[in-house]
Trainee: 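Input: one structure, supplied below.
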2 protein chains.
Amino acid sequence: MKISDIGEFGFIDAVTDDTIFDPNSVVIGIGDDGAVYKATPGMEQISVIDTMVENSHFIIGKTATWYDVGYKAVASNLSDIAAMGGIPTQLVLSTAIPPHMEMTELVDLYKGIKDICRIYRVNILGGDTVTSKEGMVITVAAFGEIETGRAICRSGAKPGDIIAVSHSIGDASGGLDVLLAEKSGYEKLKKAHQFPVPQIELGRKLVAFHGHSLNDISDGLASESNEIAKASHVDLHLKRDLIPCSDELIKWAAAVGKDIWKFVFDGGEDYEMIFTISAPNFNALKKEFPDITEIGNVSKGTGKVYVSYEGQEVLLQPTGWNHFR
Amino acid sequence: MKISDIGEFGFIDAVTDDTIFDPNSVVIGIGDDGAVYKATPGMEQISVIDTMVENSHFIIGKTATWYDVGYKAVASNLSDIAAMGGIPTQLVLSTAIPPHMEMTELVDLYKGIKDICRIYRVNILGGDTVTSKEGMVITVAAFGEIETGRAICRSGAKPGDIIAVSHSIGDASGGLDVLLAEKSGYEKLKKAHQFPVPQIELGRKLVAFHGHSLNDISDGLASESNEIAKASHVDLHLKRDLIPCSDELIKWAAAVGKDIWKFVFDGGEDYEMIFTISAPNFNALKKEFPDITEIGNVSKGTGKVYVSYEGQEVLLQPTGWNHFR
């Protein structure tokens, strides 16, 4: 059965069950003109929005299934909330659906959306469904909360801070490369591309341990580190060979003869974190969250990022690794 | 200059000024991973989302300019907040932009967005910009507030209530018809289609005067009245000839030989309000907000809507006026 057979209201009926995973905060869920929810006293509200377009952000049958698309559309939003130090609570979403889409594909998309919402106890409070002439467009707007005055901005980096990242960098970009090449194996890389993990727990610990600045790595390490440097009016000095890379990424880059640093600096959608923090607080945090790695330090400056490797230090452009070679 | 020449970041820089119209509630605006704002103590939060697709919801140069599209994309969301009785406060938006779009067109779109936000003091807290292969897709997610426990649902209609609507009904649909026919004149109808007025003031007065149920008329009076009847488990009895129609709509329907009741019952995007309320409260409300008209009453029932006209009472389907003729 196609979406054009069942219509908007039939579709809404088919997907609106099983959408509330933290009922305490919900006053009115899906089904009225708007949803109503409670803000927690003492907390500020966070809002984010993110859109994915078929054949631009994903290619069905090649880089993603419909399930993956739903999962990742939510994950990227939760990552943005994590990147402020917040707790995600609610979301609304809009889907522009081509009329040829099968109901089974839509149910698969919504299964991905609901599964990640269940994991992080985020309520689906409503949505809009329209017809797209071309491919599918999915927009998620998510909300979260943060203790008053405690949001971590990209503008807070201080001279003397340690720069650190979570887990390993470049895997999602490597995974996309594997998927586009239609190669088997490299499951960790593929998973990094298809099922990014929003670093909510780390964001919360950075609030507790007084992290100074924070970005999620959605657009590549070169872009994100430059955003922190520019917003904080400081210089960032990265040591290239300290940046954690996974064994699979090293293996894939070698197998296809590509420069691994292009995946690391230019590759997007890792949804890992880059942050700056005082040295004592970094050491304390690392005891509680070991999967973080120091990759450089912050100095007074004018908003530039430098990378040192092979005995030299070069300027890293926001546009990426290749732009100074 | 085209959007493809300037890129996402250049575009963001060009549109992020002049976005905060009520600074008191904003902690962090556009420019970080997420925005942070304050909820007012004692108020619950409302969220809504709405998408418009080029050549489906609007045709540039025929039914709308880019300015109109921006204005209306916000207006429809503010109307949904008004339809809960709320005060709109913040919004985030996402635009999927075809690469051939001119920067002047985008600036025009954002001028429409900003002008309506300025009128209603709604802050633009952030957005996402992606590339669309086909037409433009714009999604707005708006937030508002309502006194705790006071949101007006479509499910609250009570037997004995008066049913009423605001201003006149069917004008937006008539205006679309005029625009598609490329006829001059009928400025009031065209304006109703292009610049709908979210009925925020009426929504607030309905909270004060204890309205029982409320919908904005986005999908036509037949659909909206049936939603109230179904959600409230009551029957609605409408008197067709009491429904207020504008002189221009009467004139246009006569000029093109169309049934005016199709505009009234089936026509969408009026963004006027239909509500039910006790008779004494209706009379008290009408003294403060005169542009409301009683069009029927509520009885015990099973969720049906009936229309009486020319001495008969017939069932009104959610699908519209023509479906019983």
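Each chain gets a letter, A, B and so on, in the order the sequences are listed, and its residues count up from 1. Not measured: the values here are computed from a predicted model. Hydrogens, waters and symmetry mates are skipped; everything else that's a heavy atom, side chains included, is used.
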Trainee: Roughly how far apart are B:Leu125 CG and A:Gln45 CD, rounded to 0.5 Å?
Mentor: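 Spacing of CG (B:Leu125) from CD (A:Gln45) equals 11.5 Å.
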
Trainee: Is a donor on one side and an acceptor on the other found under 3.5 Å between the side chain of B:Asp32 and the backbone of A:Arg154?
Mentor: yes

Trainee: Which region of B:Ile46, side chain (C-beta onward) or backbone (N, CA, C, O), has a non-hydrogen atom less than 4.5 Å from a non-hydrogen atom of chain A, or is it both or neither?
Mentor: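 B:Ile46 touches chain A through backbone and side-chain heavy atoms alike.
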
Trainee: Are B:Ile146 and A:Val36 close enough that some pair of their side-chain heavy atoms sits under 4.5 Å apart?
Mentor: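 Touching, per the 4.5 Å side-chain cut-off.
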
Trainee: Determine the option with the most heavy-atom pairs under 4.5 angstrom with chain A, choosing from B:Ile81, B:Leu214, B:Thr40, B:Asp216.
Mentor: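 Greatest number of close heavy-atom pairs with chain A: B:Asp216.
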
Trainee: Please identify, among A:Ala35, A:Ala82, A:Pro41, A:Gly126, the residue contributing the most non-hydrogen atom pairs under 4.5 Å to chain B.
Mentor: A:Ala35

Trainee: Find the one option among B:Leu93, B:Asn77, B:Thr148 whose heavy-atom pairs under 4.5 Å with chain A are most numerous.
Mentor: B:Leu93

Trainee: Decide yes or no for B:Val92 and A:Val48: does some side-chain heavy atom of the first lie under 4.5 Å from some side-chain heavy atom of the second?
Mentor: no

Trainee: Would you mind telling me which of B:Cys153, B:Gly149, B:Ala151 has the largest number of heavy-atom pairs within less than 4.5 Å of chain A?
Mentor: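 Highest number of heavy-atom pairs under 4.5 Å: B:Cys153.
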
Trainee: If you tally heavy-atom pairs under 4.5 Å against chain A, which of B:Glu44, B:Lys38, B:Met43, B:Met52 wins?
Mentor: B:Glu44

Trainee: Who among A:Val137, A:Val27, A:Thr131 has the most heavy-atom pairs with chain B under 4.5 Å?
Mentor: A:Val27

Trainee: Please report the shortest heavy-atom distance between B:Thr139 and A:Ile49, naming the atom on each side.
Mentor: O-CD1, 4.4 Å

Trainee: For the CE atom of B:Met273 and the CG atom of A:Asp33, what is their distance to the nearest 0.5 Å?
Mentor: 8.0 Å

Trainee: For the interface with chain B, which of A:Ser94, A:Ala141, A:Ala39, A:Ser47 has the highest count of heavy-atom pairs at distances below 4.5 Å?
Mentor: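 Top option by heavy-atom pairs under 4.5 Å: A:Ser47.
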
Trainee: I want to check something: taking the side chain as every heavy atom from C-beta on, are B:Ile28 and A:Met84 in contact at a cut-off of under 4.5 Å?
Mentor: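 Side-chain contact under 4.5 Å: yes.
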
